[in-house]
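The analysis underlying the following values was restricted to heavy atoms, covering all of them including side chains, and did not include hydrogens, waters or symmetry mates.
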Amino acid sequence: MTTEGADIRGDVLESILSHVPLIHILPASHVSKSWNHAVFSSLRYFSRPKPWLFLHCQNSRPPYASSSSFAYDPRSNHWLRIHNKNPSLQYASAIRSSSNSTLLYMLSPSKFSFSFDPFHLTWHHVDPPLVWRTDPVVAMVGRHVIVAGGACDFEDDPLSVEIYDLDARRWDACDAMPAILKDSAASAWLSVASSSKTLYIMEQVSGVTYSFDPTSRIWSGPLDLRHDENIFLSVIGIFGDNLVLVGLLGNSENVKDVKVWEVKGKSFEILEEIGIMPKELVEKLKGEDASINSIKISCTGDFLYIYNPREPEELVMCEIGGEGICRWGRLKNPAVSDRSRVAEKMVLTSADVGLGDIGKAAESGKVRFSICE
């Protein structure tokens, strides 16, 4: 650091730092006490950290080696490549994510592995659930990891539910999923959202929704969150303390609109429209196929990311501001540099990331970052 650089101070320094990516701001905080103060003042008053989107890519066939990981920082509008050097992580099975959370997991007949810190520095390896499942719903609610449905046909109950208690370090069985979900009790047909206390499960085609409290072990519902008869497919996420619903209107061959609603009320009786995707972004979401049969979302804080699994080259971003005002944008997917990469499996997570998280990741030696060109 030059003498001239060290003389920069006050509002000028804070303004400059507001344009610097978090991974580069960390070293600046160690220059001096005044620079450290400027860093945190800049993050507080000029340009606050915003939730990151993470893309995790993996070979779709054994040995399931991880090929690449990326993160998008909306504060600096930069994509980062994450170089993973975690020696404790072995990809024994396909990696999966839990919608709208930081949770990554791998499930095999011999082991259940999961991680929920932003950069997945720590992985927990435990015995698998008692019931073998091929495509279950997996979600984290508080200190509980819930594994529901997705069981094979030869199992007695394809709707069975088990909960792993992180504190007690054991599995417990509880009441099965509602019988009405028997024909769709797999993550491929369901959309999942979880708050700190409750798990929400929605059937994407019908909109039928149930909630589950892991403390009382009680299922509640059914509820119909789709108050617009033109919705043919919908998914859910968490926005603040409320549910957010993303609905496709029209039909799969002719998607007329993509709308976002906030679901309010004690009985979820209020559906308040807070955004409608611009037409040009709907076309980007369709891609070359010109149709949409499913969508995936990742939602944290005020940010909502949407993509079409069949056309992953483009992602749509929605920042939900004050008074429900939405700012829309598109992101070029760095994990899909050419059509050959589409065959790889890609899952999304999202998380609030602060300077402390960056520091912890750097100190661990398990990951390093570089900015994508």
Side-chain angles (χ1 to χ4, degrees), residues 1-2 4-55 69-83 100-102 117-119 121 237-241 244 260 274-275 278 281 297-306 315-334 348-363 367-373:
M1 193 66 63
T2 64
E4 290 81 6
D7 287 336
I8 303 173
R9 62 185 65 195
D11 292 346
V12 174
L13 177 58
E14 292 174 12
S15 179
I16 293 172
L17 291 171
S18 69
H19 300 284
V20 178
L22 279 182
I23 60 169
H24 292 155
I25 253 186
L26 183 63
S29 67
H30 299 298
V31 171
S32 65
K33 288 184 177 180
S34 62
W35 275 60
N36 181 273
H37 178 271
V39 164
F40 285 95
S41 180
S42 176
L43 293 174
R44 182 178 300 174
Y45 299 112
F46 281 81
S47 183
R48 294 187 178 188
K50 297 179 179 180
W52 286 22
L53 172 70
F54 294 84
L55 307 181
S69 295
F70 299 87
Y72 174 69
D73 175 10
R75 174 186 171 274
S76 62
N77 192 30
H78 279 103
W79 278 104
L80 310 173
R81 180 182 287 272
I82 302 176
H83 306 269
N100 313 303
S101 75
T102 62
D117 60 275
F119 293 106
L121 305 176
I238 295 290
F239 169 58
D241 295 325
V244 63
V260 182
I274 57 176
L281 295 184
I297 68 170
S298 189
C299 184
T300 297
D302 297 337
F303 280 81
L304 171 67
Y305 299 92
I306 308 169
L315 299 101
V316 175
M317 177 185 71
C318 177
E319 182 178 6
I320 306 171
E323 300 179 354
I325 299 173
C326 293
R327 182 178 67 87
W328 295 89
R330 51 181 282 218
L331 302 174
K332 186 70 176 177
N333 188 342
L348 278 64
T349 58
S350 53
D352 288 312
V353 174
L355 208 58
D357 298 303
I358 300 289
K360 186 176 181 180
E363 291 172 3
V367 298
R368 64 181 182 86
F369 308 97
S370 62
I371 293 180
C372 297
E373 297 298 333

From [atom1] ([X]) to [atom2] ([Y]), nearest 0.5 Å:
X      : Y      : atom1 : atom2 : answer
Ser350 : Trp52  : OG    : CH2   : 13.0 Å
Ile320 : Ile274 : CD1   : CD1   : 4.0 Å
Arg330 : Leu281 : CZ    : CG    : 7.5 Å
Arg368 : Ile82  : CZ    : CD1   : 12.0 Å
Asp302 : Arg327 : CG    : CZ    : 11.0 Å
Phe54  : Leu80  : CZ    : CG    : 8.5 Å

Between [X] and [Y], which heavy-atom pair has the shortest distance, and what is it?
X      : Y      : value
Cys326 : Gly275 : SG-CA, 3.8 Å
Trp328 : Pro278 : CG-CD, 3.5 Å
Pro51  : Thr300 : CG-O, 3.5 Å
Met317 : Tyr72  : SD-CE2, 3.9 Å

Handout entry: NE2/His37: more than 12 non-hydrogen atoms of other groups inside 6.0 Å
Key =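 Open: at most 12 neighbouring heavy atoms sit under 6.0 Å from NE2 of His37.
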Does the side chain of [Y] come within less than 4.5 Å of [X]'s, by heavy atoms?
X      : Y      : result
His24  : Ile371 : yes
Trp79  : Leu55  : yes
Ile358 : Ile25  : no
Leu22  : Leu355 : yes
Ser370 : His83  : yes

Practice task
Would you kindly say whether Ser18 and Ser47 are connected by a side-chain donor-acceptor distance under 3.5 Å?
Solution key: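 Result is no, nothing qualifies.
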Handout entry: Exam field: side chain Arg48 to backbone Arg75, donor-acceptor pair closer than 3.5 Å
Key =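 Judged by distance alone, no pair lies under 3.5 Å.
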Exercise for the section: For Ser42 and Val39, indicate whether the former's side chain and the latter's backbone hold a donor-acceptor pair under 3.5 Å. Expected result: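 No, the answer is negative, given that no donor and acceptor are paired below the 3.5 Å cut-off.
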Practice task
Take Asp73 and Ile23 through the test side chain to side chain contact (heavy atoms under 4.5 Å, CB included) and record every step on the way to the result.
Solution key: CA-CA 10 Å; Asp73 175 10; Ile23 60 169; over 6 Å; no
Exercise for the section: Go through Cys318 and Ile306 one step at a time and tell me if the side chain to side chain contact (heavy atoms under 4.5 Å, CB included) criterion holds. Expected result: CA-CA 8 Å; Cys318 177; Ile306 308 169; 5.5 Å; no
Handout entry: Which residues share a side chain to side chain contact (heavy atoms under 4.5 Å, CB included) with Asp357, sequence neighbours left out
Key =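 Result, side chain to side chain contact (heavy atoms under 4.5 Å, CB included) vs Asp357: Pro118, Phe119, Val353.
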Handout entry: With Arg44 via side chain to side chain contact (heavy atoms under 4.5 Å, CB included) - residues at least two apart
Key =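 Checked Arg44 against side chain to side chain contact (heavy atoms under 4.5 Å, CB included); zero matches.
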Problem - ring pair (Phe, Tyr, Trp, His ring centres under 6.0 Å) involving Tyr305 - partner list, sequence neighbours excluded - result: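 If we apply the ring pair (Phe, Tyr, Trp, His ring centres under 6.0 Å) test to Tyr305, skipping adjacent residues, there are no hits.
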